[in-house]
Each structure stands twice: as C-alpha cells, then as structure tokens.
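First the structure, in the form of structure tokens, and then the observations on it.
We're numbering straight along the sequence, starting at 1.
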Amino acid sequence: MIFFASNALNQSDLVAREAEEAGAKEIRQTKAGVEFAGDLETGYRFCMNSRIATRLLEAIYLDDDIESTDELYEATKEIPWDEFITPETTIKVTKTAQDCPYLNNSHFAALRVKDGIIDRIKEKFNDERPDVDTENPDITVHVHLHQRRAIWYLDFSGEGMQKRGYRKDQTDAVLREQLAAALLYRSEWKKSITEEESGVLLDPFTGSGTIAIEAALIATDTAPGLIRKEEFAFTHLPSYNEELWNKIVKEAEEKRQKAIDERDIMIYASDISPKAIRIARENAKAAGVLEFIDFKEKDFASYTAEDVPSKMGYIVTDPPYGVRMKEGNIDDLYMMIGEQMADLFKGWKASIIAAESEVLSNIAMKPERVNTLYNGAIYCQVAHYSIFTDKEKEEMKRKSLEKKMERLSAPLSSGAEMAYNRLLKNIKEIKPKMEKEGVTCYRIYDADMPEYSAAIDIYEDKWINLAEYAAPDTIDPEAAERRLNELIYATERATGIDIENIYVKQRKEMKGKSQYGRLASSNRFNIVHENGLNILVNFQDYLDTGIFLDHRKIRAYIQGISDSKRFLNLFCYTGTATLNAIKGGAVSTVSVDTSSTYLDWAMENLKVNGYPTTIDNYFYRSDAMDYLYSTYDRFDLIFCDPPTFSNSKGRANFDVQRDHKKLIRACMMHLSPGGLLIFSNNYRRFKMDEKILEEFVVKDITTETIGEDFRDEKIHHAYLIRNKVKVNLRRSPKRS
C-alpha cells in the first residue's frame, strides 16, 4: 500500500519520522507532505500516533498521461470503484491541482471525477448510484493533479487528523494542535524525556493551554488516536480489519499507562487571564491530562524567583504577537520576556514562536537556531535560546570582546585603510540624504576602487550585505581572498556593525536558474522597511536578499500612481512592487513568476503587511509570455522587470535585448485605454528597439529612478510606455 500524509509547510521531516516509527518504508518527503509504503498495520499505527500530519490518504491509481478533463473522466471511470463503493455508500470528492495546462477550474475537475465514479457504479449496479454527502460521507475520494499526472486516493484517516477533540472552549488567539506539537518537537524539551521523567516544561503565556496539553500528551505517551472523538475514515473502507485496529488501540493504551505509572511529569502553565486559565483547565480535563499540568493565573512580568520551578528546564511558549495583539506595546512585551528569562531562568533553554520575526529582535539574546512554521495561514518563526548563567555570559562576552578588540585594534593594511577611508567618506555623504528621505536600506559602496570590487548595502543599520564581484581568472586566488578580508574588516570598522552581521556573497556572471539558486538553508528572515511597508529579507540563503535596492524609486513611483488601478507584476520576484501597488490603493493585483519559492515569499510579504493573498491579489506560477498569451485580462498599470537572460526546462531561452520587443508588445495588448507599462531591466548595454519607439509613446526615466546612493548610472534602465492615442480627423465641409 502507498500512503500520502499531508502536513503544514516545513513539517515534512517530522511527519517522515512519525511514518518511520509506524513501520513505513520507502519514505519520500515533499513540500506538502510525506509519501510512504506500508501495510494496513502501518496505516493504522500512523493514524493512531501521528501528532503532526493533517490527513492520511491511500493511493489506489495513477495515470501519467492526462491532457484534458474528458481524459480525467475516462481514466476515473476505468478504476474499479465497485471494490470500494456501492449504491448505498455516500461519497465526497476533494481535489488539489498544480500546473495543469488543461484545467482552468479545479472545481470542474472534481465534478468530472465524481461523474466518473458514479457512472462506473451505475454500470456495475443496474443504474443505481451512490449519493454525494459533503458533510459526513462514508468514503472520501481525493484526486491530486500535477501537470499530466493524476493520482486517485481514498481518504484513510478522515480530514483534520490534527483536531484532537479536546477543545471545549478557546481564547481569541488559538495555536493549532499540530503546530504546538511541532513546536515541542523543534524545541529540545522532547529530548529530555526519559523513562523516569519528562523534563520540566513551562508555558507562561498558555492561552487556551494547547502547548501544555500537547506536552502532557507527549509526556504521558498518549497517542492522539486515543482521544480522537470522531471515527477514522478507514473504518468505512472494505479493507477495515477490526481485530488489527483493536490490537493497535490496546498497544497504545498499554504504552500510555506505563508512562503514567513510571514517569514523573513536570509541566507548568500560567497566563495573566483568568478566563484563559479556566478554558485551559477545561481543555486539559477533556484531553485527560489535567492532573499532569500545574496551571496558575499569573502575569509573566510579575514572576519572581519563587515562581520558578526548582529544577532547570525548558520554556516553550506562544506569546501574543502583532497579528493578534489588540492592545499594548508589542516591543515592550518582548523586551520584558527577554529580561525575565535572563534574570530568573539562568541555565534554562527557551523556544518562542512569533508571527513577526522583527519582534523577536527585542529579546536581548541571540537565538541558537530559528525554524519557520505556520499557524494556519500565519507565517511564524520559532527562535531557540540557551539562557546562559551569569558566569557563562561573562565568559562569552569576554571572549567576544577580546576577539573584536583584537580585530579593531590591529593595524589595517594600506589597502584596507584606503577602503576604510572611502567607506567613511561615502557614509558621510550618503547617510544624511537617506535619512532625510526616510530610507533605511541603501548602498554605501559600489566597486569604487578597482582593487576592492564589491557592492556593499546597509540594511536598517543592523545588517550588511557585501556582494563581491568575482575576480578575473588572472588574479591570484590568495590575493583576491586577502582583499576580500580587508574589505570586510574595513566595513566593520567604518559602519560599526559587528562582523557577525556582515553577510558575504560572490557575484559572478550566471545564467538561467543558477542566478536565483539557493546558497544555504537557514530559512531565517528579517524585516526591513521601505515606503511604509514591511519587507522580508534573507541574507544567507540566496545571492539576492529579496529586495532590489536600485528599484526603490520605481517602487515608490508605483505606490504613488496605483490608486484605483488594476496592477500586473511580471517577473514579480518577491512581490515588492505588488506591495507598493496595494499600499497605493490598487483595486486588484496579479503577480507572475516561474519560481514557486519566490511566489511563496511574495505571499508572505503580503501577509506580514496584513494584505490578503486570495481576494483581489492573485499569484500565478507561469512564464510571463505564456501568461500574457493565455489571458484576456486588461490592466491599468503593468510593471515588467525581466532578467537579462534566463533558460528553463521546456521553454525557449530568454534574452532581454533580443526578446524585449516581443515582450513589450505582448504587455501592451493587455493595457486598458490610458494604461501605463513600466519596463525595466539590468542589462548594462541595453538599447530599446527602434520599432518599439515608433509604435508606442516611450519615455526613458532611467536617470530619475536611480537613487543618490547608486553611483553606477547603468545599474538599470527604466521606461514608461503608453499606447499611442488614435485620433480620427474629420474633413471640413467644402465651401460652396
């Protein structure tokens, strides 16, 4: 049997571990879940014990050659549904679809699958058919479509595996059960559990108690399947083996009882709200773990040494954050959390989840690692801290300061001294201008001296992105490395930004996907600010940070003219232009890119600004030309910023100089009357085609779109392009 367990983003590794523990083989992780092989017992054991998966499906049929909804119907009809379904069975069909060129409406695909199933049953049972029940079906069929591939599944678990059933009530802010379990797994508390004890766990912002309850379920080895209120879907399948399932249930019950009898469980939870504590107690009682959690009404700000458990342990908590915090200063709250942990919980470890990574910066400790998780649609980051003792902190500070003083006191080489002086001069000239404009991310150096060929950008006075231009092959590698180190030291000394926050990358001529390739997998994002917006940047994982600073003025221009406009963003990257259009009052936006990574990033950018990613703001993973040729939509404002060169599997190569005429013409077909195309690119030798200049009204705005921090006048080219207004001249009547 082949199974697929779905999960929230960034949790596939945890589900893969659960599948392995259930006895699965041939485990394969995907972004949306985990595929694995196993027998009926494996499937039952997984359903009983999984804390992270949201649904388990059993694959029954695959077809790699579907090119139309008619073929989908015919392939569905060929499947022997009569082995699973009778006319007395109620059914439901669910679907997922990705990159299906033949499919404009995924709902229609589900209808065709449903028709194929029913028609098959009617043929086998003298025209009798099963009824559709979308609320409480006996059997749910799920079809997953990806390009030409279709996979048909039977729902093995039932939807909502993560719903334990213990929520009797809830506070306004709800942490989903499977996310709380994932948070506990990502923390180090789970590793502290032994046969004798669970390890101390404290949640000082417990809300409705989800983290504490999930911790108690883990500590008591209570399988989620034991407290589930609804039957699993597999009990309605013909393959259901009641004797085997009873064996799994008994096995889980015995494991739970053994943990309760032999393990000392130390879980503490508090909250400032009496209502929250009441709800948390009720939920814990419903989950059967109230006796294992010490709940109390207490403001974390008022904790004293007497409130701290005598044995060191782990703080795992979900404090209020900006998305859900209605009152109070969020920055002050997180500063208080950091201060309380540092003062009272020396030697402990802490894992804190927040929807805005920016607020975590108010905790005056550096996280050892960071994970990204999702609470429903809310993007969250989990920071893991070691809370050092006074002695440990002093020793670390001493060593760090010694190293820094050693660096800063060491004489610079003549070349590094020259770079340092140039940086000081640039900063003195540029910073006041940027501050006057409210700009917090800007360029302070751009290969000003040939010996030190790099671009240096400063972000929020906190981080440096230093992109070295690759030295020619004729330059000795050791000499090139020495010069780079000199530039790094000069940058630290000139900006005052610690070397640990200087991120170094190498720029070289790259083509195709390599220019957007992943460099690392830290998955750590920071928030910077521009034009009144929050923008997620990543300094470690990609060559570019997520925002092109040279387009700052273009984005501001887009914001200023977007009111009541329908906006299209082609080659959208991380959606920064889309953000500005929305803030400027655009009535709708469409963002197009071939990269699912950048489309996800763009959607996260909308979320951190409180903008919807469905209604009125749409995202398409598509080649820009394919999109323009496949839609009839009209737009009032289009931003098109293609790469200089790209190649993708299955598509013709794109060269901006060669192909811009075709691209611009395709864009102009989608402009509404009076509409505007903003066309930009970074090809240094770009020249606009003469025929474009003849066919349309073109204005070169390159000079006014390059900020004063960019001394390179060829950093990009930018144009405003409009359709020519057709004027019908009537002849004057002839005089008699």
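Few gaps surround CE on Met336; more than 12 heavy atoms of other groups in view lie less than 6.0 Å from it. Counting non-hydrogen atoms of other residues, nucleotides and ligands closer than 6.0 Å to CD of Glu406 gives a total of 12 or fewer. Taking a 6.0 Å sphere around CD of Glu713, one finds it holds 12 or fewer heavy atoms contributed by other residues, nucleotides or ligands. Within a 6.0 Å sphere centred on CE of Met335, other residues, nucleotides and ligands contribute 12 heavy atoms or fewer. Within 6.0 Å of atom NZ in Lys346, more than 12 heavy atoms from other residues, nucleotides or ligands are found, so the atom counts as buried in its surroundings. Heavy-atom contacts from other residues, nucleotides or ligands closer than 6.0 Å to NZ of Lys399 number 12 or fewer.
Residues Arg398 and Glu395 are paired through a salt bridge, judged by an N-O separation under 4.0 Å between the basic side chain and the carboxylate. Electrostatic pairing of Lys607 and Glu604 counts as a salt bridge here, judged by a charged N lying under 4.0 Å from a carboxylate O.
Here salt bridge (charged side-chain N to carboxylate O under 4.0 Å, His left out) pairs that include residues 568-584, with residues two or more places apart or in two chains, number zero. Applying the side chain to side chain donor-acceptor pair (under 3.5 Å) definition to pairs two or more places apart or across chains, those involving residues 492-504 are Lys366-Glu500, Arg407-Glu492. Screening residues 676-690 for salt bridge (charged side-chain N to carboxylate O under 4.0 Å, His left out) gives Arg684-Asp712 as the qualifying pairs, with residues at least two apart or on separate chains. The list of ring pair (Phe, Tyr, Trp, His ring centres under 6.0 Å) pairs with a residue in residues 426-464, not counting sequence neighbours, reads Tyr459-Phe539, Trp463-Phe539.
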Got a list of side-chain donor-acceptor pairs under 3.5 Å for residues 420-427, not counting sequence neighbours?
{"residue": "Asn421", "atom": "ND2", "partner": "Glu417", "partner atom": "O", "Å": "3.2"}
{"residue": "Asn426", "atom": "ND2", "partner": "Ile444", "partner atom": "O", "Å": "2.9"}
{"residue": "Asn426", "atom": "ND2", "partner": "Asp448", "partner atom": "OD2", "Å": "2.9"}

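Side-chain polar atoms of Thr578 and Asn569 form a donor-acceptor pair below 3.5 angstrom. Inspection of the Thr589 and Asn617 side chains reveals an N or O donor paired with an N or O acceptor under 3.5 Å.
Phe548 has its side chain within reach of Asp550: a pair of non-hydrogen atoms, C-beta onward, lies under 4.5 Å apart. Counting heavy atoms from C-beta outward, Leu720 and Ile678 have side chains that approach closer than 4.5 Å. Annotation: side chain of Leu360 is not in contact with side chain of Val370 (no heavy-atom distance under 4.5 Å). Using a 4.5 Å heavy-atom threshold, the side chains of Leu9 and Lys31 count as touching. Contact annotation: the side chain of Gln506 never approaches that of Leu484 to less than 4.5 Å [non-hydrogen atoms, C-beta and beyond]. Between Leu599 and Cys572 the shortest side-chain heavy-atom distance falls below 4.5 Å.
Tyr385 is linked by a side-chain hydrogen bond (donor to acceptor under 3.5 Å, both in side chains) to nothing, counting only residues two or more places apart in sequence or in another chain. Every residue meeting the salt bridge (Lys or Arg N to Asp or Glu O under 4.0 Å) condition with Asp709, not counting sequence neighbours, appears here in chain and number order: Arg552. Annotation: salt bridge (Lys or Arg N to Asp or Glu O under 4.0 Å) contacts of Lys191 (sequence neighbours excluded): none. For Asp641, the salt bridge (Lys or Arg N to Asp or Glu O under 4.0 Å) test picks out no residue, with sequence neighbours left out. Applying the side-chain hydrogen bond (donor to acceptor under 3.5 Å, both in side chains) rule to Thr576 yields no partners; only residues at least two apart in sequence or on another chain are considered. Not counting sequence neighbours, His717 has no partner by the side-chain hydrogen bond (donor to acceptor under 3.5 Å, both in side chains) test. Partners of Asp13 by side-chain hydrogen bond (donor to acceptor under 3.5 Å, both in side chains), not counting sequence neighbours, listed by chain and number: Arg186.
Side chain of Asn682 to main chain of Ile715: a donor-acceptor pair is present (N/O by atom type, distance under 3.5 Å, no hydrogens or angles).
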Practice task
Check the pair Thr702 / Asp700 against side-chain hydrogen bond (donor to acceptor under 3.5 Å, both in side chains), numbers first and verdict last.
Solution key: CA-CA 6 Å; Thr702 300; Asp700 188 335; 2.7 Å; yes

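Between Trp601 and Phe525, the ring-plane angle classifies as perpendicular under the 30° and 60° cut-offs.
Remark: aromatic rings of Tyr683 and His660 are distant, center separation not under 6.0 Å.
A side chain to side chain donor-acceptor pair (under 3.5 Å) with Thr705 is found for one member of His716, Arg555, His551, Lys553 and no other, namely His716.
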